[in-house]
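Step one of this worksheet: look at the structure below.
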Amino acid sequence: MNPTENMNSTRYHTLNQAQKEAVFHRDGPALIIAGPGSGKTRVITERIANLIREDNIRPWNILAITFTNKAAKEMQNRVNEILGDESRGLAIGTFHAMCARILRQFGEPIGIASDFVIYDTDDTESLVKSIMKELNTPDRFKPRQIRNRISTLKTMERTQDSAYRLGSDSYLDDLSINIKNIYDARLRRANAVDFDDLLNLTHTLLTEFEHSASFILDRFEHVLVDEFQDTNLVQYEIARALAQKSRNLVVVGDDDQSIYSWRAADIENFHRLIADFPEAKTINLDQNYRSTGHILEAAQIIINKNSGRTEKNLWTDNSQGAPVQLLTSSTADEEAWFVANEIRKHQNSPNVKENGFGVLYRTNAQSRAIEDALISNGIPYRLVGGTRFYDRKEIKDIVAYLRLIQNEHDIVAFQRVVNTPARGIGNKTLSMILQTATDTGTSPVAIAVKLVSEDAIPGIPSVTSRAKKAIQLFTSVYEHLASMRDTNNVPQLIDAVVTKTGFRAYLNTLDKDQPDRSESRWENIEEFKNVAAQYNELEEETSLHLFLEQVALVSDVDQPENNEESVNVTLTTLHSAKGLEFPVVFLVGMEEGLLPHQRSFDDEQMMEEERRLCYVGITRAREQLYLTQSLTRYLYGRSTSGSTSRYLKDLQNAGIETSETPSAQSVTSTRSYNSSYTRKKYNLGNGLRESQIKTENSHHNDIEPFKAGDKVRHGRFGIGTVINIKQDGSDWEIQVAFESQGVRKLYQSFAQLSLQN
DNA sequence: ATACGAATTCTTTTT
DNA sequence: GAATTCGTAT
């Protein structure tokens, strides 16, 4: 027996039967259904290592696609741990990153230059906005809405028949298509692609330009896709194309953890896979190594209520553990203080200390109350999600300068920086420049340069001498920076942008009554320089566009963690919690309207996705799970009252063993909980808030807000007649027949109905 | 052209 | 309630 085999036998004997099957499965496609905590990552990494080590597959012939850059990095690290240097050349990355790489190298036949830039959601929204302005679109259409529709159109057009319709509003459809056409043309001219293009263009390249793409199509002997339930149709087809030759497509996923259908992820891909690869072997990883019996049981009660799932039989050898704890508080602050206090109590138990606490919520807005409570209690925490570092205004400004230096056709970047800091170039001058650029097919920068040159140019409107001076301020900065481009590295370029534009002074004027804020903006810029410097050291060939690509594709979740050891509390949305686990999990805001979110109420499919979100949240917990709700909460600056989430009720009805925390019971009857947790807060200056909640709360419950027959108005649905009204806990469930939208059930606390005469 | 205050919209989730 | 947009005055 050679040493390798020896090592491997010990290495593999801790795998269970199903895991071994997945690791050792060889020729042909496979579908691995991996329940939460079933050792999925280990299976994938062992499989890759095994392919390289035992089957002598060369690393660069293996492609592993993950959902986030963070997951990619983790996978890479874990393969490295097993193989060391032998893993060099392995292709691991997200769909978007992989597509960007392919397009840079092979995009030329489909008209994509190798130095294209990537527009993120923000950039595309500004582009849409300016197109809408040019077209004089009625204001009832919001750029955000149109942008989303364009994105949906772009995901659909590739794959469905060309006669697609988005909804019932055909005017809106036509408008969206119209704007989309202009939008696409502008992107191409700006040498830019958006997230959808990255996928679509790669798909086109792989399926319609096979000859040009043959290098890539022939390259991969094994293709692995992680988080398969989150892929959309185009992504699936890209994976299929890449695996067409070898047929070694192995996907790992769990339909119960599909939480991205709003981003066009499509569970149908499971069926497509089986149709396209009928020989695919299905492997079920159903042993859970993560959670206690109680937690797993709770998770199953929740998920079993969804229909159309693939049948599963999750089980665990772990002990039953502590019962799930429920807490009802009267305000969101109180809920937050409860969390903070429990964290303090458990903070020093050994296992928890190391691996920490997860506080999970449905919406980013909920983090604030938790943060306040943690700060007041001196508990350090890490916040994932929210605004991406690169999305901060000051960073985006600098990035826009860099982008414009790299590519003078980048209109969005031009619009952003031309008058930042303020130079006296107003709306009129700006739109004239943009219009002329569009008409003449040149870049806005070139127009600006011509405008300040001595003589009048035919075809270009003249400008006042004042405007000319303003433009000159811009062009001199631009020309200086552009001249540095080829001889300086990214950190040097950033420095130049900052000094040439007088950025520091600009920051001070930006928020002049809040020196703290401009200081923190400045720190962000320093941090940005550090990132650039690190990048500069890491990459041998450090071109500006590669750096910009990283800025566009890296999400907040992927950001370097602040590695202070004392930080063991993580605050995150349920979406970003995927793939994480904690000994102790708090799932907060278990209220109707939040979880499930109100926006999903009308749609059965969306409601099932909410349930899956809840399931994902519960299954993050290893030992202890807290589910908390608050009877009132601030929403849009207004105190609103909510009712117990149906998921909590499901658990209670199923009779699972739970324990209500003692303080929770006293909440409704006495004020003792209130005083111990909230008074500190009160002293911090939120007294007004507290009293507002109480008054609002007390009359919400008792007085029937409407009666049957009342005419009411709803913000979205318009005017209707109340058919029926009944009390549901502290809330009122109102049935309304709307004139245009039919009969709907609404909750008083969320619907914001007003009486109409 | 800008600065300041008023009005308005917004919050689901993110590669 | 905050952030963005709008309107008016300088």
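Each chain gets a letter, A, B and so on, in the order the sequences are listed, and its residues count up from 1.
Straight-line distance from the CG atom of A:Leu635 to the P atom of B:dT11: 12 Å, rounded to whole Å. Atom NZ in A:Lys142 sits roughly 13 Å away from atom C1' in C:dC6 (whole-Å rounding). Atom CG of A:Asp226 is separated from atom C1' of B:dT15 by 14 Å (rounded to the nearest Å). One interatomic measurement links the two molecules: NE2 of A:His597 to P of B:dC10, which rounds to 14 Å at whole-angstrom precision. The OH-C1' distance, from A:Tyr615 to B:dT13, rounds to 19 Å in whole Å. Distance A:Asn419 CG to B:dA3 C1': 14 Å, rounded to the nearest Å. Per the geometry, NZ belonging to A:Lys396 stands 12 Å off P belonging to C:dT4, to the nearest Å. In this entry the distance linking CZ of A:Arg368 with P of B:dC10 reads 19 Å, nearest Å.
Between A:Thr66 and A:Ile425, the one whose closest nucleotide on DNA chain B sits nearer the 5' end is A:Ile425. Toward the 5′ end of DNA chain B lies the nearest nucleotide of A:Arg423, the other residue of the pair A:Thr573 and A:Arg423 mapping further downstream.
The side chain of A:Ala365 sits closest to B:dT11 out of B:dT11, B:dT15, B:dT2. The side chain of A:His575 lies closest to B:dT13 when the candidates are B:dT13, B:dT15, B:dT11. Here the side chain of A:Thr94 is nearest to one of B:dT15, B:dT13, B:dT2, namely B:dT15. Listed nucleotides B:dT14, B:dT11, B:dT2 differ in distance to A:Asn364; the shortest reach to its side chain belongs to B:dT14. Distance from the side chain of A:His96 is smallest to B:dT15 among B:dT15, B:dT11, B:dT13.
Using a distance-only test at 3.5 Å, with no hydrogens or angles considered, no donor-acceptor pair links the side chain of A:Asp372 to the main chain of A:Ala369.
When the C1' atom is used for both B:dT11 and C:dC6, the distance is 22 Å, rounded to whole Å.
The side chain of A:Ser576 contributes an N or O atom lying less than 4.0 Å from OP1 or OP2 of B:dT14. A close approach under 4.0 Å does occur between a side-chain nitrogen or oxygen of A:Lys129 and OP1 or OP2 of C:dT5.
Heavy atoms of A:Thr429 sit under 4.0 angstrom from primed sugar atoms or phosphate atoms, though from no base atom. Across all strands, A:Asp120 comes closer than 4.0 Å to no nucleic acid atom at all (heavy-atom distances). Residue contacts for A:Asn148: at a heavy-atom cut-off of 4.0 Å it reaches no nucleic acid atom on any strand shown. No contact: A:Lys393 has no heavy atom under 4.0 Å from any strand. Residue-level contact check: A:Arg144 touches the backbone only, with heavy atoms under 4.0 Å from sugar-phosphate atoms and none from bases. As judged by a 4.0 angstrom heavy-atom cut-off over every strand, A:Met606 is placed among the base-contacting residues. Across all strands shown, A:Ser600 has no heavy atoms under 4.0 Å from either base or sugar-phosphate atoms.
Looking only at side-chain heavy atoms (C-beta outward), A:Met132 and A:Lys142 stay at 4.5 Å or farther from each other. Residues A:Gln235 and A:Asn232 meet the side-chain proximity criterion, which asks for heavy atoms closer than 4.5 Å. Side chains of A:Leu451 and A:Met432 form a contact here, defined as non-hydrogen atoms less than 4.5 Å apart.
Between A:Arg611 and A:Glu608 there is no salt bridge, since no side-chain nitrogen of the basic residue lies less than 4.0 Å from a carboxylate oxygen of the acidic one.
Note: A:Phe228 and A:Tyr236 have perpendicular aromatic rings, judged against thresholds of 30 and 60 degrees for the angle between ring planes.
In this structure, A:Tyr260 does not count as stacked on the base of B:dT14 under the 5.5 Å centre distance and 30° plane angle limits.
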